[in-house]
Each structure stands twice: as C-alpha cells, then as structure tokens.
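Have a look at the structure below, then the notes.
Just so you know, ligand 1 is whichever comes first in the structure, and atom 1 is the first atom listed for that ligand. Just so it is clear, the model here is predicted, and its values are computed rather than measured.
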Amino acid sequence: MLEAASWAASANNEQPWEFVYALKSTPGFDTIWNCLMPGNQPWNKHAAGFIVTIARKTFTANGNPNANAEHDSGIATGYLLLQAASMDIYTHPMGGVDKAKLSAELKLTEDQKMLCVISFGYLDDAEKLEEPFKGRELSARVRKPVSEIAKEL
Ligand SMILES: Cc1cc2nc3c(=O)[nH]c(=O)nc-3n(C[C@H](O)[C@H](O)[C@H](O)COP(=O)(O)O)c2cc1C
C-alpha cells in the first residue's frame, strides 16, 4: 500500500507525502487511537492498523512553499486506498482526529501538516457493530452523478 502511494505524481517530483503507521497491539496503535474523536473510537478498536498521512509544506531543495503539497499527498493517499482495495483490505480515512494532540505525539514540525488518519483491516461482520455504526456500515453508498461534477467547456 505504501509502495503504491510512493508512485504518485507530484510537482517537481517533490514527493511531499509522509506516512506514519502503527499495527494493532502496539503502543503506537494506542497512541493514535487515543487521538481519534469519540465518534471514531468504538469501531476502530477492531482495526488492524492506522496510517497517518502528512504533507511536507515546503520544497526540500530551497525551503519555498509548495502550493501542491496537499494535492499531491492526496494523490498518494488515493493510490494507497486503491492498492488496499485490490488486496481486499478495507480502509477508512478519518479527519475526525485531534490533530494538534497527535501532531504533538508524533513530534511533527511546522513544516509537516497532518492530513488524516486511515484505519485499515480485513472485512468483518457488520452485525458485530453497535448502532449508529452498524446502520452506517450497512447503508447504500451514494455519490453525485458524473453529470453533476463534470462539464464540457
Ligand atoms: C478526509 C476525509 C475525512 C473523513 N473523516 C471521517 C471521519 O472522521 N469519520 C468517519 O466515520 N468517516 C470519515 N470519512 C469517510 C467519509 O465519511 C466517507 O468516505 C463518506 O461518508 C462516503 O462513504 P463511502 O466512501 O463509504 O461511500 C472521511 C473521509 C475523508 C476522505
């Protein structure tokens, strides 16, 4: 999954993405889990692991701001999610994280912006979940039609 992310395109080939991961039953897993918002904590007890996505805000070569850093890190994250899906690994990106607390735990610098935390694992039985998580898991996935998000100029 991380290898797939590493092949994303980026401005100047800067590769501004950084990832910190932790697997279940490790102190790192508990550190990240403790920084999730309360609504994200119950169902994430069962995750196999977490990946924190981070964007480096400036160019390594000259320290200038990289306006594309978050965009490019998003591409890398998308590749990571697709690679996981191709391996039947289920993922769930979360912005519902106390980012200030987790950034401090990870000792991130001013140059590093935390984007989200992705939990991942193999599919389990939704019946094991309590509400409202069970209902959310079992409801149909919805998206805007392509005609609403794209137009010919
Ligand atoms: C940046 C980002 C932040 C998200 N934050 C959360 C979150 O904190 N908690 C959560 O349950 N889902 C979160 N999601 C998942 C979305 O809610 C989910 O993708 C959306 O509801 C559509 O569901 P689906 O992708 O399963 O079809 C997040 C997704 C992204 C991309």
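- Counting protein heavy atoms only, atom 3 (C) of ligand 1 is closest to Gly95 N, 3.1 Å.
- Remark: the backbone N or O of Phe19 is not paired with any side-chain donor or acceptor of Thr53 at under 3.5 angstrom.
- In terms of protein heavy-atom proximity, atom 26 (O) of ligand 1 is nearest to Arg141 NE, 3.4 Å.
- Side chains of Asn66 and Thr58 form no contact here, defined as non-hydrogen atoms less than 4.5 Å apart.
- For atom 25 (O) of ligand 1, the closest non-hydrogen atom of the protein is Arg143 NH2, 2.9 Å.
- No donor-acceptor pair closer than 3.5 Å links the side chain of Asn40 to the backbone N or O of Leu36.
- Between Cys116 and ligand 1, no N or O atom pair is found at a separation short of 3.5 Å.
- Here the side chain of Ser73 pairs a donor or acceptor atom with the backbone of Ala69 at under 3.5 angstrom.
- For Leu106 against Met114, the heavy-atom pair with the smallest separation is CD1-CE, 4.0 Å.
- At a distance under 4.0 Å, a protein heavy atom can be found next to atom 13 (C) of ligand 1.
- Within the 4.0 Å heavy-atom cutoff, Met37 does not count among the residues contacting ligand 1.
- For atom 18 (C) of ligand 1, the nearest protein heavy atom is 4.0 Å or more away.
- Of the possible donor and acceptor atoms, one in the side chain of Gln15 sits under 3.5 Å from a partner among the backbone N and O of Asn13.
- Of the N or O atoms in Asn40, one or more lie within a sub-3.5 Å distance of an N or O in ligand 1.
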